[in-house]
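Below is one structure, written out as structure tokens; the observations come after it.
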Amino acid sequence: MTTPPDRGPHEGRWRILPNLAADSPGIHSDGVARGLGFRAGPVLGETVAQAAIPAVVAAYGESWFEGGWVDLKIVSPVYEDEEVRERAAPGAGGDLEIAIETRAGRLAVSGRAGLGARDPWDAGLDGTRGPEGVLPGVRLGAFVAEAARTVTAADVAVLCDAAGDGTPWFRGPTRWGGPIAPPIALLLHAHDIQVEIPPGPGVIPQAMGSDYQVVVERPVALEEPVRVRTRWADKGVSGRCWFRTIEFSTESPDGRALARGRQRVKWFIEPAGGGR
């Protein structure tokens, strides 16, 4: 059970999150997004996910980086012409309940966080949600890639500036020494080394992130190399989408566990008859 936060409810400041991939050829561009029924290109999922992290820091402080978890699900798109903020409060079982909402009151992200290095996902559900025929090149449980990666000050600047996250520990001195990596930055490096599998016929090829889950066991220092390994954890059907989940683990060069997590990506299924 999580130790309850010792602070009251948190409400962040209203801010606009820029769409850093507006000029990309994928779903974050206005043209592709509108063809899929969005009113514009949505803001990158990692930007939106990082925008929730100030609520975790406000609740748990430094202790979270020595054993903590966060589980964030994007439930509706964020656009760069609307203001959003993060808010959080203690919930059932002592977990922190997190939301990102728009000025209009629309829920964009629903999530939880807590102390302790426990997985916020249920591995027993892997492969149980209609995986037959979905992403045939993805074999559940299979190793994907391993590489050395370093979270840099430039990575932090791009991610945290876009998210409006001013957490000082990501940029300046900490009680562990220098600055440390934001949790979503760790997940992005894992995503970077994956081998992407084309979704196949009947599926619109532009993908978008939906779920972001990170467990931190020890702070990860900026500018210091770590080893990242990834594997295919889950795939299947959710609503009108195919999805796949990649799981990562991050270790120090001497083999100490630092962090692990999961990210889900989804593709829209072409409607019958090919219309959108």
Side-chain angles (χ1 to χ4, degrees), residues 1-10 46 49-73 86 88-98 109-124 149-151 155-156 159-160 163 165-191 211-231 233 245-263:
M1 176 176 170
T2 295
T3 301
D6 58 5
R7 299 171 176 85
H10 168 85
E46 56 259 33
Q50 186 64 37
I53 299 304
V56 179
V57 172
Y60 298 111
E62 294 172 322
S63 60
W64 189 87
F65 295 93
E66 296 178 332
W69 56 271
V70 64
D71 180 3
L72 301 168
K73 180 178 180 61
E86 83 283 2
D95 293 348
L96 186 72
E97 300 289 339
I98 305 170
V109 171
S110 176
R112 305 172 299 132
L115 294 178
R118 70 175 179 86
D119 296 344
W121 56 83
D122 182 357
R149 283 292 183 269
T150 303
V151 179
D155 295 331
V156 171
L159 180 62
C160 290
D165 183 351
T167 302
W169 305 323
F170 301 148
R171 304 176 192 250
T174 66
R175 68 181 178 87
W176 305 285
I180 59 175
I184 304 303
L186 301 174
L187 190 149
L188 288 179
H189 276 301
H191 185 271
D211 295 30
Y212 298 80
Q213 301 167 308
V214 182
V215 181
V216 175
E217 296 193 48
R218 296 177 178 84
V220 176
L222 293 195
E223 312 294 347
E224 292 189 8
V226 296
R227 299 295 302 178
V228 181
R229 296 182 180 87
T230 57
R231 72 177 188 93
T245 301
I246 197 166
E247 183 172 311
F248 78 92
S249 60
T250 301
E251 296 180 352
S252 64
D254 61 2
R256 292 179 300 143
L258 299 173
R260 59 186 181 274
R262 290 187 171 196
Q263 184 193 13

Results of side-chain contact (heavy atoms from CB on, under 4.5 Å) for A221 - residues two or more places apart only: E224

Closest non-hydrogen atom pair, C160 against Q50: SG-NE2, 4.2 Å

Residue pair P225 / T150: nearest heavy atoms and the distance that separates them: CA-OG1, 3.4 Å

T250 side, atom OG1; E217 side, atom CD - distance, nearest 0.5 Å: 10.5 Å

Straight-line distance of D155 CG to E223 CD, nearest 0.5 Å: 8.0 Å

For P54 against E86, the heavy-atom pair lying closest together: CB-OE2, 3.5 Å

Test applied, side chain to side chain contact (heavy atoms under 4.5 Å, CB included); reference residue, I98; option that passes from V109, D71, I53, V56: V56

Separation of T230 OG1 from R260 CZ (nearest 0.5 Å): 16.0 Å

Reference residue P183; test side chain to side chain contact (heavy atoms under 4.5 Å, CB included); the match among L188, V220, V214: V214

Contact check, side chains of R149 and F248, non-hydrogen atoms, under 4.5 Å: no

V216 backbone acceptor or donor facing W69 side chain under 3.5 Å: no

Inter-residue atom distance R218.CZ - W176.CH2, 0.5 Å rounding: 13.0 Å

W121 side chain reached by V215 side chain, heavy atoms, under 4.5 Å: yes

Note, R112 side chain near E97 side chain (heavy atom, < 4.5 Å): yes

Distance-minimising heavy-atom pair for L96 and A59: CD2-CB, 3.7 Å

Pairs meeting criterion salt bridge (Lys or Arg N to Asp or Glu O under 4.0 Å) with involvement of residues 173-183, two or more places apart: E62-R175, E66-R175

Inter-residue atom distance R171.CZ - I180.CD1, 0.5 Å rounding: 13.0 Å

CD on E251 to CZ on R227, rounded to 0.5 Å: 9.5 Å

Considering all heavy atoms, the nearest L186-A259 contact: CD1-CB, 3.7 Å

Smallest separation among heavy atoms of T174 and P179, with atom names: CG2-CA, 4.2 Å

Donor-acceptor under 3.5 Å (W64 side chain, G114 main chain): yes

Side-chain touch P182/T167, heavy atoms, less than 4.5 angstrom: no

Side chain to side chain, V57 and F65, heavy atoms closer than 4.5 Å: yes

